[in-house]
Amino acid sequence: MKTILPPGPRGLPLLGSLRSLRANRLDFISNNRDTYGDIVYFRVGPRRVYQLNNPEYVQYVLVKHPEKFHKSSALKRATKQTIGQGLLTSDGELHKRQRKLVQPSFHHNRISVYADVMVQYTNSMLEDWTENQCLDIAHEMMRLTMRIVAKTLFDADVSEDANSIGAAITTGLEATMERITRLTQIFEKLPTPTNQKRHKAFKFLDDTITGIINERRSRGEDKGDLLSMLLMAEDEETGDQMSNEQVRDEAVTLFIAGHETTANALAWTFYLLSQHPEVEYRLVAEIRDVLAGRNPTLADLQRLPCLLMVIKESMRLYPPAWVTTREVQESFELGGYTIPKGSMVMTSTYAIHRDPRYWEKPELFIPERFSTQNEAQIPKYAYFPFGGGPRVCVGNQFAMMEAQLVLATILQRYHLSLIQGQQIIPQPLVTLRPKYGIKMVINHR
């Protein structure tokens, strides 16, 4: 009996929808949602992909039956050189052990200590800004959040190497996305200029993180941060500590994920505010009323509801983690279709966050969607910027606190205007970046 497949783009022989996916990933998944509905089937070469566009189906995969879905082998292979087998790519018991080790570093009482560092580093950045200066705000946010993560989680100062580290991470993310959509890996070992550039970038990033680890291990200090926890962690059964390679994989994973996502969220927020002066006016008025010129603290955030609404709405339109993929471990039924073992399911925050079935005027920037009253009406998993279930982002509270504190600190002192005539294009790598940056002029308030 022939298996009935969900509707979807036919694609080409052998290649499937690979060309369309590579040409414009965001348009491709959005068109799939609008044209074919809740479950969309397509191929990427030999891979069978099922795109899920219904919040209930997202909940099924991420929350109700996560044991049936593992991180895709394509993602693991693509990220092997950069993050290895860290929290992002591991599965099963290994993932549970890793998460148990990392989780305490992001408990509320611990991340509250990080608040002062976040504000301090933001003010330090602002000291270098000058009136009427043109800045790429995406680049500025990357440098800032990188410094904050390095200090709070690893007690390290990467200020001098921030640009080089950022370039190496960008190279790694571009290589990752290319490998995920590539049908063969035979070209990766060839000594092409592109491969040589990538190997050099990977080595620089690896040497930087390994250097931080080796220095801390040689001192034997317990500084109470994430790195100390990783270095002192012991297996409950054997008493063995994590190897340097294991520590390195976790450190690189959290270093990249911990700054990349927040930086992108902040950059897109500044862009959206520059396009909606009435929203910025209300937000700045709220910040001034509450802070009256002083630095923000963690305790202030509950008195800044507009600030939180703006960030949430920004992450609806431009979710840093724009897509999630899982490999099916056992066949299952969903929406009247059989989804077979070995296939891939894809859920996209970008597609569902802009679905007109769940959002009125979905393309518009309307922070009031996230007022207490309105947010209660949003269907579960129609909004999931941090994922969900046992693999929900371990640093979600850290990221939200950082975004709010950084934004309040900057907006209290500066107004940022978008330079006209530039192309602002989302680039869906592992995270959703502005492809050419976002150039803005800064002025004192």
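Nothing here was measured: the structure is a model prediction, and the numbers come from that model.
- Counting heavy-atom neighbours within 6.0 Å of Glu160 CD, excluding the residue itself, gives a total of 12 or less.
- Atom-to-atom distance recorded for Arg326:CZ and Met344:CE is 11.0 Å, nearest 0.5 angstrom.
- In this structure, the side chains of Met141 and Ile410 come closer than 4.5 Å at one or more pairs of heavy atoms.
- Electrostatic pairing of Arg445 and Glu280 counts as a salt bridge here, judged by a charged N lying under 4.0 Å from a carboxylate O.
- A donor-acceptor contact closer than 3.5 angstrom links the side chains of Asn123 and Asn295.
- Taking the six-membered ring for Trp and the full ring otherwise, the centers of Phe384 and His353 sit less than 6.0 Å from each other.
- Among all heavy-atom pairs drawn from Arg216 and Asp155, the shortest one is NH2-CB, 3.4 Å.
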**OP:** Kindly indicate, with the supporting measurements, whether the criterion side chain to side chain contact (heavy atoms under 4.5 Å, CB included) is fulfilled by Ile165 and Phe204.
**Re:** CA-CA 8 Å; Ile165 295 172; Phe204 174 77; 3.8 Å; yes
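- For the pair Val247 and Leu227, the minimum side-chain heavy-atom distance is below 4.5 Å.
- Within 6.0 Å of atom CD in Gln133, more than 12 heavy atoms from other residues, nucleotides or ligands are found, so the atom counts as buried in its surroundings.
- Put simply, the side chain of Leu205 reaches to within 4.5 Å of the side chain of Ile256, judged on heavy atoms.
- The number of heavy-atom neighbours closer than 6.0 Å to CD of Glu278, taken from other residues, nucleotides and ligands shown, is above 12.
- Closest approach of Leu432 to Pro426, counting heavy atoms only: CD1-CB, 3.8 Å.
- Formation of a donor-acceptor pair under 3.5 Å by the Arg25 side chain with backbone atoms of Leu429 is not found in this model.
- Asp136 places no side-chain N or O within 3.5 Å of a backbone atom of Lys439 that could act as its donor or acceptor partner.
- Remark: the Arg147 side chain and the Ser159 side chain contain an N/O donor-acceptor pair separated by less than 3.5 Å.
- No donor-acceptor distance shorter than 3.5 angstrom exists from the side chain of Glu215 to the backbone of Gly211, with no hydrogens or angles considered.
- By the 6.0 Å contact criterion, CD on Glu286 is enclosed, its count of non-hydrogen atoms from other residues, nucleotides or ligands being greater than 12.
- Within 6.0 Å of CD in Glu363 there are more than 12 heavy atoms belonging to other residues, nucleotides or ligands.
- Enclosure of atom NZ in Lys223 by more than 12 non-hydrogen atoms of other residues, nucleotides or ligands within 6.0 angstrom is indicated.
- Residues Ala251 and Ile209 come closest through the heavy atom pair CB-CG2, 3.8 Å.
- Between Arg294 and Val290 the shortest heavy-atom distance is NH2-O, 3.6 Å.
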**OP:** Tell me, with the steps shown, if Leu307 and Leu407 meet side chain to side chain contact (heavy atoms under 4.5 Å, CB included).
**Re:** CA-CA 8 Å; Leu307 178 65; Leu407 198 60; 3.6 Å; yes
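- Side-chain contact of Asp225 with Ser228: a donor-acceptor pair under 3.5 Å is present, judged by distance alone.
- Of all non-hydrogen atoms in Ala382 and Ile352, the two that sit nearest each other are O-CG2, 3.6 Å.
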**OP:** Determine, step by step, whether Ile148 and Glu402 satisfy the side chain to side chain contact (heavy atoms under 4.5 Å, CB included) criterion, reporting the C-alpha distance in whole Å, the side-chain angles of both residues, the deciding distance to 0.1 Å, and the verdict.
**Re:** CA-CA 9 Å; Ile148 289 172; Glu402 180 180 17; 3.4 Å; yes
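- Asn32 places no side-chain N or O within 3.5 Å of a backbone atom of Gly8 that could act as its donor or acceptor partner.
- No more than 12 heavy atoms of other residues, nucleotides or ligands shown are found within 6.0 angstrom of CZ on Arg19.
- Counted within 6.0 Å of CD on Gln302, heavy atoms from surrounding residues, nucleotides or ligands total 12 or fewer; the atom is thus considered open.
- A salt bridge links Arg303 with Asp300; the closest basic N to acidic carboxylate O contact falls under 4.0 Å.
- Between Ile425 atom CD1 and Tyr436 atom OH the span is 5.0 Å, to the nearest 0.5 Å.
- Between Arg357 and Asn53, the closest side-chain pair of non-hydrogen atoms falls below 4.5 Å.
- Between Gln420 atom CD and Gln422 atom CD the span is 8.0 Å, to the nearest 0.5 Å.
- Although no hydrogens or angles enter the test, the distance criterion places a donor-acceptor pair under 3.5 Å between the side chain of Glu313 and the main chain of Ile366.
- Within the 4.5 Å cutoff, the side chain of Tyr358 has no heavy atoms near those of the Ile378 side chain.
- Under 3.5 Å, the side chains of Asp27 and Ser30 contain no donor-acceptor pair of N or O atoms.
- The main-chain N or O of His259 is found under 3.5 Å from a side-chain atom of Thr145 such that the two form a donor-acceptor pair.
- With hydrogens and angles ignored, the 3.5 Å screen pairs no side-chain donor or acceptor of Thr325 with any backbone N or O of Met346.
- Here CZ of Arg282 is found 8.0 Å from CE of Met309. Values are rounded to the nearest 0.5 Å.
- Between Thr171 and Lys200, every side-chain heavy-atom pair lies at or beyond the 4.5 Å cut-off.
- Between Asn374 and Ser371, the side chains place a donor N or O and an acceptor N or O closer than 3.5 Å (distance only, hydrogens not considered).
- In this structure, Trp268 and Tyr271 have perpendicular ring planes: the angle between them is above 60°, well past the 30° mark.
- Distance CD/Glu260 to CE/Met146: 8.5 Å, rounded to 0.5 Å.
- Here Ser274 contributes atom OG and Ile438 contributes atom CD1; the two are 8.0 Å apart, rounded to the nearest 0.5 Å.
- At a threshold of 4.0 Å, the pair Glu127-Arg413 counts as salt-bridged, since one of the basic side-chain nitrogens sits closer than that to a carboxylate oxygen.
- Side chains of Thr170 and Arg433: a donor-acceptor N/O pair is present below 3.5 angstrom, by distance only.
- With Gln412 contributing its side chain and Gly293 its backbone, the two residues share a donor-acceptor pair below 3.5 Å.
- For the residue pair Leu298 and Ala115, the shortest heavy atom distance occurs at CB-CB, 4.2 Å.
- With Ser124 contributing its side chain and Gln120 its backbone, the two residues share no donor-acceptor pair below 3.5 Å.
- A cation-pi contact, defined as under 6.0 Å to the ring centre and within 45° of the axis, is absent between Arg354 and Phe365.
- Ring-plane geometry between Tyr383 and Phe370 is classed as tilted, the angle between the planes lying from 30 to 60 degrees on a 0 to 90 degree scale.
- In terms of modelled atom types and a separation under 3.5 Å, the side chain of Arg391 and the main chain of Leu62 share no donor-acceptor contact.
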Subject >> side chain to side chain contact (heavy atoms under 4.5 Å, CB included) assessment of Tyr121 paired with Val117 >> reply: CA-CA 6 Å; Tyr121 274 49; Val117 174; 3.9 Å; yes
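- In this structure the side chain of Phe106 reaches within 4.5 angstrom of the side chain of Val102, judged on heavy atoms.
- For the pair Pro362 and Arg316, the minimum side-chain heavy-atom distance is below 4.5 Å.
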